[in-house]
Each structure stands twice: as C-alpha cells, then as structure tokens.
Amino acid sequence: MEAKSTSARGYTEDGFADKVYHLHLKRLGDWDELVFRDYLEGHPKVAADYAALKLDLLSKFKYNRPAYTEAKTDFIRNVVKRARNDE
C-alpha cells in the first residue's frame, strides 16, 4: 500500500506562480527524497544534470505539473538507486 500525500500550492492554469510550496507526508523510513538530496549535494555534475533536466521540462510542461513530475521520475529513481549502491 502506498501512503504518500503531497500538497502543492503555486501551480496555476497560467503556469508556476512566483512562490510555490510543497508539503510531502510519507511513511516513516521512506527517505528517498533525502537520499536524492544528499547525493546531489555530493555530486555536482549530477546536480547540474538534474537542473538542466528541470529547465528543459519546465519549457515542455509549464502548465502540466503531473507530467512535469512524471518526466523527472526515472532520473530521480536512477540517482536514488546509485546512492543506495554507493556509486
């Protein structure tokens, strides 16, 4: 059973607002976001690749937050896998 909840404010029909907020509620022990963050902090090249990906996806999915999120998913999963395997 997946028990995740996300509340996002700042996404409008006209695109991203000036201020966007995310609140993620997850099960205890589900640390993928922290693993991802820590890996990016220690691997500047991967962080730059992620930044470039996000900018590219913004231009494609400015008005479609779910598609934007889905398009980042494989990159994030691959990085988390690498981090958990100490690569």
Side-chain angles (χ1 to χ4, degrees):
M1 174 176 79
E2 186 170 314
K4 294 182 181 181
S5 177
T6 301
S7 177
R9 298 290 180 258
Y11 301 100
T12 70
E13 292 179 4
D14 296 323
F16 296 108
D18 289 336
K19 292 185 179 181
V20 178
Y21 303 94
H22 300 270
L23 175 63
H24 298 263
L25 304 174
K26 303 180 85 165
R27 288 187 181 273
L28 183 63
D30 184 359
W31 308 120
D32 284 355
E33 281 92 352
L34 299 177
V35 170
F36 182 69
R37 179 205 62 197
D38 292 349
Y39 192 86
L40 293 183
E41 287 178 351
H43 298 82
K45 169 71 171 88
V46 178
D49 291 345
Y50 183 56
L53 173 65
K54 288 176 57 111
L55 288 173
D56 181 55
L57 296 176
L58 175 62
S59 69
K60 294 176 183 174
F61 301 115
K62 184 173 184 176
Y63 303 104
N64 188 343
R65 173 66 184 177
Y68 170 81
T69 300
E70 180 62 30
K72 298 186 307 177
T73 299
D74 285 344
F75 183 95
I76 294 168
R77 284 185 181 149
N78 287 333
V79 169
V80 169
K81 183 178 177 181
R82 287 169 59 185
R84 292 196 184 280
N85 290 328
D86 292 324
E87 293 178 23

Separation between [atom1] of [X] and [atom2] of [Y], rounded to the nearest 0.5 Å:
X: Tyr39; Y: Asp86; atom1: OH; atom2: CG; value: 9.5 Å
X: Glu33; Y: Lys26; atom1: CD; atom2: NZ; value: 3.0 Å
X: Arg37; Y: Trp31; atom1: CZ; atom2: CH2; value: 11.0 Å
X: Phe36; Y: Arg82; atom1: CZ; atom2: CZ; value: 10.5 Å

- Task: Sequence neighbours left out, what passes salt bridge (Lys or Arg N to Asp or Glu O under 4.0 Å) with Lys60? Give chain and number order.
- Result: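 Partners of Lys60 under the salt bridge (Lys or Arg N to Asp or Glu O under 4.0 Å) test: Asp56.
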- Between Arg84 and Asp32, is the closest basic N to carboxylate O distance under 4.0 Å? yes
Under a 4.5 Å cut-off applied to non-hydrogen side-chain atoms, are [X] and [Y] in contact?
X: Tyr68; Y: Lys54; result: yes
X: Phe75; Y: Val46; result: yes
X: Asp49; Y: Leu53; result: no
X: Val79; Y: His43; result: no
X: Leu40; Y: Tyr50; result: yes

- Under 6.0 Å from the CZ atom of Arg77, do we count more than 12 heavy atoms belonging to anything else shown? no
